[in-house]
Amino acid sequence: MSRLYYDVLIVGSGVAGLCAAIAAAAAGAKVVVVTKQAELTDCNTFHAQGGIVASAPGDSPEALIDDIIRAGDGLNYRPAVEHIVKNGTPIVGPFLAGQIGVPFCRRQDGDYDLTREGAHSHRRIMHVKDYSGAEIERCLAGYVSNQAGIDVLTSTTVIDLITNSRHSLLIEERYKPTVVSGAYCLTAGGQVIRILAGAVIIATGGVGALFTFTSNCPGAVGDGIALAERVGAVVINAEYVQFHPTVLFNRDNRRFLITEAMRGEGARLMNRRGHYFMADYSPVLRDLAPRDEVARAIYREMEIDEAGYVWLDARPIGSDRLPERFPTIFAGCLNAGIDIRREPIPVVPAAHYFCGGIRVDLNGRTNIDGLWAAGEVACTGVHGANRLASVSLLEGVVWGLAAGRDAAAHRRLLPAGYMDSIPDWRLPPQQETFDPVLIYQDLTTLKKIMWN
């Protein structure tokens, strides 16, 4: 079996994982990024449409803090909210646009073209039309690929975290506090390799693909949370799964998200009877109410009309502006036979974002020595019970950078004797064969249970 050694092992290649890699490498660490996908950019970050929260003229830190806590139903961890506002919004321009080169949209006067989404009191969201996540991920991946000191392993699935107390053949290690020191990984060729590391950062994303209807990639099944929980990491707020109100209702494309920024620019929700209904549920914010309120309102209207969807009417935005401002949505809907310039879009809520996760501090540290977490897999306390739109990418940047720096600074130096004590992956003497159809049926049953 192959055995590799790195200072920092990062599991996951979304915005949090790649930011962690950049920060750790900048601190002098030898880094490896592992992803089970064939492409580095195959992740939920790539499919984020809306944008990322930043500083805005006329805005204030206090207003953003209030918006985040109000959207989270007051169940947020205020120090974390204050931390992301203080340390996050000022770096979006210099880091992402400057250092990484993300081409955020600008107005004719050169300033950033800021948009607004639900539950925001100001236009404060930087975007690249309606494919912001794709550009952020593409630019981060390009930057990482050109950095010395960062290796990337694709099509490589982590199957277990290595700890002293569970894996070392040194008897005394089983009596010591648990320390994470690497991972066993399954390659595309069927080989299990050992990657030993002085620090491990989990950045594997959320759990959306465990639900029947979701906006998430198929790989978002919570495996990073399972890995961490198995070694004793604390998982909290697991009941808080956010449903995005507007995913295209279409048999052939169940994962096509209709960004909330569309409602920020004037689109309105309409029931099957042609009534714009959000004023009935949220008289003040209306179509820009928090996502949980909008999703519940849509479900209520679906029950009243005994229909499988409601309409999102984008025509108020203007037929000339729609293809330019929302090219991805315009093309996706047109491919499904819907011209959003002339007809409303059928939409339904779908599982979107996991507000719970592995409990971490402001540096991404878990309660287990040697283990950090960042991004959607982690619970920082920023989101409370419901995430404010476009805060997740910012959280991925802030905690990704912090975890990378902290992991590099506090990584353990693994003695040669300890590394030699970690055995090869042990296959059972008699391997069972599994019928793929039965596994598929089990997963389908699980998704239906989760959806119900």
Side-chain angles (χ1 to χ4, degrees), residues 9-18 20-21 32-47 152-163 166-167 180 182-188 190-195 197 200-212 214-241 255 351-360 364 366 368 370-379 392 396 399-400 403 425 434 436 439-440 442-447 449-450:
L9 162 63
I10 298 168
V11 188
S13 63
V15 60
L18 296 185
V32 62
V33 177
V34 172
T35 173
K36 64 185 178 183
Q37 306 300 336
E39 299 292 335
L40 192 64
T41 55
D42 188 358
C43 59
N44 277 346
T45 296
F46 189 86
H47 297 281
V152 175
L153 297 179
T154 57
S155 300
T156 302
T157 302
V158 175
I159 53 179
D160 202 11
L161 296 178
I162 294 173
T163 66
R166 291 177 62 223
H167 296 103
V180 174
Y184 290 108
C185 304
L186 177 67
T187 68
Q191 181 186 19
V192 178
I193 61 173
R194 271 176 308 195
I195 301 180
V200 176
I201 302 174
I202 302 292
T204 52
V207 302
L210 295 179
F211 293 80
T212 303
T214 180
S215 63
N216 286 198
C217 294
V221 293
D223 40 7
I225 296 166
L227 288 169
E229 198 271 344
R230 188 182 297 165
V231 299
V234 175
V235 177
I236 62 172
N237 290 2
E239 66 272 33
Y240 298 139
V241 178
R255 301 177 188 271
H352 184 57
Y353 192 86
F354 188 44
C355 296
I358 306 164
R359 190 182 67 193
V360 298
T366 72
I368 301 299
L371 184 66
W372 285 254
E376 190 176 354
V377 74
C379 186
S392 55
W399 263 266
W425 179 260
F434 296 93
I439 295 175
Y440 174 80
D442 287 344
L443 286 172
T444 301
T445 300
L446 174 63
K447 291 179 180 182
I449 293 171
M450 294 292 286

Check against side chain to side chain contact (heavy atoms under 4.5 Å, CB included), T45 and L18: CA-CA 11 Å; T45 296; L18 296 185; over 6 Å; no
F211 atom CZ, over 12 foreign heavy atoms within 6.0 Å: yes
Which atom of I358 lies closest to which atom of A373, heavy atoms considered: CD1-CB, 4.1 Å
Minimum side-chain heavy-atom gap N44-Y353 below 4.5 Å: no
Test side chain to side chain contact (heavy atoms under 4.5 Å, CB included) applied to M450 and V207, step by step: CA-CA 10 Å; M450 294 292 286; V207 302; 5.7 Å; no
Value rounded to 0.5 Å, distance of NE2 in H47 from SG in C217: 3.5 Å
Where E376 and F354 come nearest, the two heavy atoms and their spacing: OE2-N, 2.8 Å
Where A351 and N216 come nearest, the two heavy atoms and their spacing: O-ND2, 4.0 Å
Closest approach of A403 to A374 (non-hydrogen atoms, all atoms of both residues): CB-CB, 4.3 Å
Flag, side chain of T212 to backbone of K447, donor-acceptor distance under 3.5 Å: yes
C355 side, atom SG; E239 side, atom CD - distance, nearest 0.5 Å: 10.0 Å
Closest non-hydrogen atom pair between T366 and L371, with its separation: OG1-O, 2.9 Å
Full working for side chain to side chain contact (heavy atoms under 4.5 Å, CB included) between I368 and L161: CA-CA 12 Å; I368 301 299; L161 296 178; over 6 Å; no
Rounded distance [0.5 Å steps], CZ in F46 versus CD in Q37: 13.0 Å
Residue among D223, L227, L186 satisfying side chain to side chain contact (heavy atoms under 4.5 Å, CB included) with I159: L186
Pairwise distance CG(L40) to CG(L153) - rounded to 0.5 angstrom: 10.5 Å
Closest contact, heavy atoms only, T156 versus C185: CG2-CB, 3.5 Å
Spacing of CD belonging to Q191 relative to CH2 belonging to W425, to within rounding of 0.5 Å: 14.0 Å
